[in-house]
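For clarity, every value in this text was computed on a predicted model and none was experimentally measured. FYI, side chains are in, hydrogens and waters are out, and symmetry mates aren't considered; it's all heavy atoms of this structure.
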Amino acid sequence: MAIKQSGVTREKLYVTTKVITNIADIPNAIKTSLKKLQLDYVDLYLIHAPFFANTDEEHQKAWAEMEQVQAAGLAKSIGVSNYLPEHLSAIMKTARVPPAINQIEFHPYLQHPQLLEFHKKHGIATAAYGPLTAVTKAKPGPVDDYMAALAKKYGVSEGEVALRWCIDQDIVTITTSGK
């Protein structure tokens with residue numbers, strides 16, 4: 001409803017949603033989401049977290065359903081969120097389409113160097129949620145003085161320094177809200 005009321009054409013919006021609770025039936029989960037969003041497709045559809053699966057086969061089955069969703073035109077791109085290398089490796093064994101992106105918590109206190117290397121090796125983009133954590137939720141902390149000095153040096157806020165730090169590492173940054 002809000003999308004239609006905004007007056008912005010659909011082509012100018014980038015809409016992402018995730019499958020969470022309906023993971024056992026991904027095709028119906030996206031159809032439910034699309035109905036609620038009043039859209040024909042989303043730009044990016046993510047599996048919210050890998051913890052639903054106990055085996056590689058369960059990961060592979062879910063990923064095959066994600067590929068079907070994309071093939072049906074319900075999502076332009078498909079990806080994952082909160083996946084570690086072992087989860088990604090499981091789906092990559094049988095994937096016809098690799099995940100476009102892995103959305104992870106990422107900030108100076110949570111950097112995931114091995115995961116980032118895995119992403120680069122396999123052509124998976126990294127999206128950071130919580131990139132402002134060091135300046136909004138983790139104060140006081142060890143990077144406080146460094147962030148403050150950089151902010152002063154460049155005449156920007158500490159939040160802008162945190163976002164730039166992510167961008168300079170080729171990481172897509174998304175900020176979050178409480179709603």
Side-chain angles (χ1 to χ4, degrees), residues 14-24 26 29-30 33 42-71 75-147 150 158-178:
Y14 191 90
V15 179
T16 301
T17 193
K18 298 178 181 181
V19 59
I20 303 171
T21 56
N22 296 338
I23 191 73
I26 291 172
I30 193 165
S33 292
V42 293
D43 298 283
L44 178 60
Y45 194 47
L46 302 173
I47 296 177
H48 181 71
F51 310 114
F52 67 91
N54 294 313
T55 66
D56 285 1
E57 292 76 20
E58 289 174 307
H59 283 293
Q60 293 161 356
K61 178 183 179 293
W63 190 252
E65 289 186 6
M66 293 291 283
E67 292 174 329
Q68 291 168 8
V69 161
Q70 184 181 33
K76 287 189 174 185
S77 296
I78 52 176
V80 295
S81 183
N82 301 304
Y83 272 52
L84 298 173
E86 59 267 25
H87 308 123
L88 291 165
S89 292
I91 62 175
M92 297 290 281
K93 289 177 188 173
T94 59
R96 289 176 286 134
V97 177
I101 200 161
N102 186 10
Q103 186 183 94
I104 59 170
E105 183 177 3
F106 184 84
H107 48 76
Y109 299 135
L110 191 56
Q111 296 185 31
H112 304 286
Q114 293 85 7
L115 181 57
L116 296 183
E117 186 58 38
F118 186 97
H119 289 167
K120 287 179 185 174
K121 180 179 178 184
H122 295 283
I124 300 169
T126 304
Y129 70 81
L132 300 175
T133 296
V135 297
T136 60
K137 296 180 181 175
K139 283 191 169 218
V143 300
D144 292 354
D145 293 341
Y146 187 68
M147 290 286 211
L150 287 172
E158 291 179 27
E160 289 170 297
V161 171
L163 294 174
R164 181 85 249 167
W165 177 76
C166 289
I167 292 166
D168 286 348
Q169 297 180 73
D170 295 324
I171 294 174
V172 177
T173 58
I174 54 174
T175 57
T176 56
S177 70

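For Glu105, the side chain to side chain contact (heavy atoms under 4.5 Å, CB included) criterion is met by His107, Leu110, Tyr129, Thr133, not counting sequence neighbours.
With rounding to the nearest 0.5 Å, the separation of CD in Gln103 from CG in Leu46 is 5.5 Å. In this structure, the separation between CG on Leu84 and CZ on Phe118 is 10.5 Å, given to the nearest 0.5 Å.
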- Query: Step by step, would you call Leu115 with Asn102 a side-chain contact (heavy atoms from CB on, under 4.5 Å)?
  - Reply: CA-CA 10 Å; Leu115 181 57; Asn102 186 10; 4.0 Å; yes
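Checked options Lys61, His59, Gln60; the residue passing with Glu57 is Gln60 (criterion: side chain to side chain contact (heavy atoms under 4.5 Å, CB included)). Each of Ile91, Ile124, Ile104 was evaluated against Val80; a single residue qualifies, Ile91, per the side chain to side chain contact (heavy atoms under 4.5 Å, CB included) test.
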Report all side-chain donor-acceptor pairs from residues 140-147 shorter than 3.5 Å, counting only partners two or more places apart or in another chain.
from   : atom 1 : to     : atom 2 : distance (Å)
Asp144 : OD1    : Gly141 : N      : 3.4
Asp144 : OD2    : Gly141 : N      : 2.8

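Taking the six-membered ring where the residue is Trp, Tyr83 and His87 present perpendicular rings, their angle passing 60° and hence far from 30°.
Scanning both residues, Pro99 and Met92, for their nearest heavy atoms gives CD-SD, 3.6 Å. Across Ala128 and Phe106, no two heavy atoms sit closer than the pair CB-CB, 3.6 Å.
Counting non-hydrogen atoms of neighbouring residues, nucleotides and ligands closer than 6.0 angstrom, the NZ atom of Lys139 exceeds 12 such neighbours.
Here the side chains of Thr173 and Leu132 are not in contact, with every heavy-atom distance at 4.5 Å or above.
Of the N and O atoms on the side chains of Thr126 and His119, at least one donor lies less than 3.5 Å from an acceptor on the other residue.
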